[in-house]
Amino acid sequence: MRTAAKKHHGAAPAGKVRTEVSAGGIVFKRTPKGVRVAFMLDPFARWAFAKGHVEKGETVEQAAVRETEEEMGLDRLKVVAPLGRIDFWFRDRYRPETKGMLIHKYVHYFLLQAPPDAKGRPQRKEKIRQVIWVELRRAMRQSGYKDVLPMLARARAYLYRRRPIAPAGQAGQPGRDRAPRPGRFHRGPKHRTL
């Protein structure tokens with residue numbers, strides 16, 4: 001889960017510093033009406049993707065699936081592709097064990113596929129308020145966090161390239177899930193992405 005805090009760029013200031021590794025997923029499903037992407041309304045009233053700490057003995061891929069299934073109330077998720085990693089600094093203001101510490105967080109994201117009938121159920125104990133499914137073409141505007149936009153752009157590009165071709169005589173509806181125009185997603189956040 002995302003911790004709202006002031007972000008720092010560049011070298012870490014003096015004092016207590018902690019490095020954390022998290023993983024999360026951008027979930028999609030294919031429906032008769034096109035590809036849908038899942039968002040959750042987080043405790044800070046922003047539309048986000050599930051993520052959480054990698055536990056001992058777990059790979060980042062396993063953590064991404066586990067955290068996403070837990071926070072969004074989904075199951076039977078399949079890893080489709082790695083999307084990359086972001087990193088950022090913030091001062092923790094909420095968790096008792098790290099309150100006041102400067103945190104350097106690395107978050108690995110994966111593209112995850114849900115079954116076509118997936119609905120989702122918000123994890124109330126983590127204060128997740130709602131789970132919604134958004135049309136692929138609207139997903140970039142839905143995200144409440146700019147730092148994940150490069151991951152979402154990669155997910156969209158992957159889904160546009162890999163979408164199944166309609167059988168002869170079953171053309172898709174005009175304007176639905178069209179490929180993005182070249183150069184549309186070149187603007188990124190000020191955070192480093194790998």
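FYI, the numbering just counts along the sequence from 1.
Here the side chains of V60 and F110 are in contact, with some heavy-atom distance below 4.5 Å. I26 has its side chain out of reach of L112: every pair of non-hydrogen atoms, C-beta onward, lies at least 4.5 Å apart. The shortest distance between side-chain heavy atoms of K51 and E67 does not fall below 4.5 Å. For the pair T31 and W133, the minimum side-chain heavy-atom distance is 4.5 Å or more. The closest side-chain heavy-atom distance from V131 to P122 is below 4.5 Å. Looking only at side-chain heavy atoms (C-beta outward), L159 and V80 stay at 4.5 Å or farther from each other. Side-chain contact between F28 and Q113 is present, with heavy atoms from C-beta onward closer than 4.5 Å. Within the 4.5 Å cutoff, the side chain of L41 has no heavy atoms near those of the F39 side chain.
A salt bridge links D117 with R76: the distance from a Lys NZ or Arg NE/NH1/NH2 to an Asp or Glu carboxylate oxygen falls below 4.0 Å. A salt bridge links E20 to R95: at least one charged side-chain nitrogen sits closer than 4.0 Å to a carboxylate oxygen.
The two atoms that bring A64 and G24 nearest to each other are CB-O, 3.4 Å, heavy atoms only. Nearest approach of K29 to A114, heavy atoms of both residues: CB-O, 3.7 Å. Taking both residues in full, the closest heavy atoms of V27 and M72 are given as CG2-SD, 4.5 Å, listed atom of the first, atom of the second, then distance. Minimum interatomic distance between R124 and I128 (heavy atoms only, all atoms of both residues): NH1-O, 3.6 Å.
Under the 30°/60° scheme for interplanar angles, the aromatic rings of W89 and H104 are found to lie parallel.
Not counting sequence neighbours, S143 has no partner by the side chain to side chain donor-acceptor pair (under 3.5 Å) test.
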Subject >> Test log, rule side chain to side chain contact (heavy atoms under 4.5 Å, CB included), inputs L83 and Y158 >> reply: CA-CA 9 Å; L83 295 173; Y158 183 95; 5.5 Å; no

**OP:** Could you please spell out the steps behind the side chain to side chain contact (heavy atoms under 4.5 Å, CB included) verdict for D92 and K99?
**Re:** CA-CA 5 Å; D92 193 339; K99 191 170 184 177; 5.5 Å; no

Original post:
What do the steps show when you test F49 against T68 for side chain to side chain contact (heavy atoms under 4.5 Å, CB included), and what is the final call?
Top reply: CA-CA 8 Å; F49 301 112; T68 304; over 6 Å; no

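Atoms NZ and CD, from K125 and E71 in turn, are 10.0 Å apart once rounded to the nearest 0.5 Å. Atoms CG and CG, from D147 and D87 in turn, are 10.0 Å apart once rounded to the nearest 0.5 Å. Here OH of Y109 is found 4.5 Å from CD1 of I86. Values are rounded to the nearest 0.5 Å. Within the model, atoms CG of L102 and CZ of R91 stand 4.5 Å from one another, a figure rounded to the nearest 0.5 Å. Residue E135 holds its CD atom at 9.0 Å from CZ of R141, rounded to the nearest 0.5 Å. Here L152 contributes atom CG and M140 contributes atom CE; the two are 5.0 Å apart, rounded to the nearest 0.5 Å.
When the shell of 6.0 Å around CZ of R129 is examined, it contains more than 12 heavy atoms from other residues, nucleotides or ligands.
Looking only at distances, no side-chain donor or acceptor of R36 sits under 3.5 Å from a matching main-chain atom of V134.
Judged as a salt bridge (charged side-chain N to carboxylate O under 4.0 Å, His left out), the pairs with a partner in residues 53-65 (not counting sequence neighbours) are, in order, E55-R66, E58-R66.
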